[in-house]
Amino acid sequence: MTTADAEPSPLPAPASVPGRADAGFEITARHGAKARAGVITTPHGPIATPAFIPVGTKATVKAVLPEAMTQLGAQALLANAYHLYLQPGHDLVDEAGGLGAFMNWPGPSYTDSGGFQVMSLGAGFRKVLSSEFSGGVSARTASGEDDAVAEGKERLAHVDDDGVTFRSFINGDVHRFTPEISMQIQHGLGADVMFAFDELTTLMNSRRYQEQALERTRLWAIRCLAEHARLSFERTHRPYQQLWGVIQGAQYEDLRRQAAHDLGAMEVDGWSFDGFGIGGALEKENLGTIVGWVTDELPEQRPRHLLGISEVDDLFVAIAAGADTFDCVSPSRVARNSAVYTRTGRVNLTGARYRRQFAPIDESCDCYTCTHYTAAYIHHLFRAKEMLSSTLCTIHNERFVVRLVDEIRAAIPAGDFDALREERTAAYYGAPR
Ligand SMILES: [Zn+2]
């Protein structure tokens, strides 16, 4: 259902919703102009920030047990609303007791709004969006068309002012998402942190289109807050779920600042966003600049999530610019293709040099894989196409990124952020970044 044309009715005051007062964010240390360490409080436990949040798209981190994710230090997991809506359905996950209960993950969880996937998992779009990202840091089109669908390709997503109509990537059935539907899906899924429904644009969209999309995203944010308030009050039998607004605006400073200012100050009957996501098209070389524009404008006391990054240099840049949490599918996706991160860079374990490396992937790694298995064994598993290869390498890669961000978090109060950045980027890339 949509409520765009519904009669405005008074929303319940936020303070009257049980548990909402307990959902918060506290800054515990700072470094430089923008970097901060802190703690996000959720009903499923705290998240010490900065934190890397591994992605479990369909309520599973592919090939890895939730117990192993706990063991490798993951504080929270992020699942995709779009995928879980299509299969098995948010109603079923709700009936199971919510995402965490359904997948046997006791810790905090996030869901994205589904906006990125409904607009990107189309035939025309898919060709031109980087598959490395869940959140669209490298989103761009080859064609430069405003609707980002290549000539002659079937258009799988249609955006209008009320929502998005799209075809299922599973069977081609037609579905529709609106801000209200996204909120209903995410409330059903029951994650601790949800994101407002936003319109994905690309770097190749015209300035005029970016302005229109941004205004649409602003109006959708208001509708998300209203629906979130209604559902929070209706669903007091469930733990309180935070709603974070998503800042778009592509590469334009004025649009990014305006969006951050608008959503940062947005209030609907006393309800405001509990945190913020920074989404959309970002080029790697402008990452720190764009995140900086946004964090300049956002309220200081609310957490900020940067969608879709996990590269070593990007994490330092984003944290220095004031981002608190991050998610990315890359660590698990590349692991299944035999690529692993090491302190001295990314390597591929199918290479002949690993055939007789009777030592861990990375001597400095403390993960379960590196403390129990040799690179030679994992090389063999990949050559023999054994499933265990994916499990062992995913554990290693997720641990690598989680641990790096843990080290950055420890470096902030210690005053070692700059030294750690120089040391780790120099080791990883061959020169400091
Ligand atoms: Zn390891």
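Order of listing sets the numbers, starting from 1, for every ligand and every atom in it.
Among F52, F195, F273, the one residue that satisfies the ring-ring contact (aromatic ring centres under 6.0 Å, His included) test with H305 is F195.
Not a single side-chain hydrogen bond (donor to acceptor under 3.5 Å, both in side chains) links T289 to another residue, sequence neighbours left out.
Note on residues 309-354: pairs passing ring-ring contact (aromatic ring centres under 6.0 Å, His included), not counting sequence neighbours, are F316-F417, Y341-F400. Within the structure, every pair that satisfies the salt bridge (charged side-chain N to carboxylate O under 4.0 Å, His left out) test and touches residues 36-46, not counting sequence neighbours, is listed here: R36-E300, R36-D324.
T28 contributes a side-chain N or O that, together with a main-chain N or O of A37, makes up a donor-acceptor pair within less than 3.5 Å.
Within the 6.0 Å centre-distance limit, the rings of H228 and H187 are counted as a close aromatic pair.
Only protein N, O or S atoms were considered, and those under 2.8 Å from the Zn ion (ligand 1) are C365 SG, C367 SG, C370 SG, H396 ND1.
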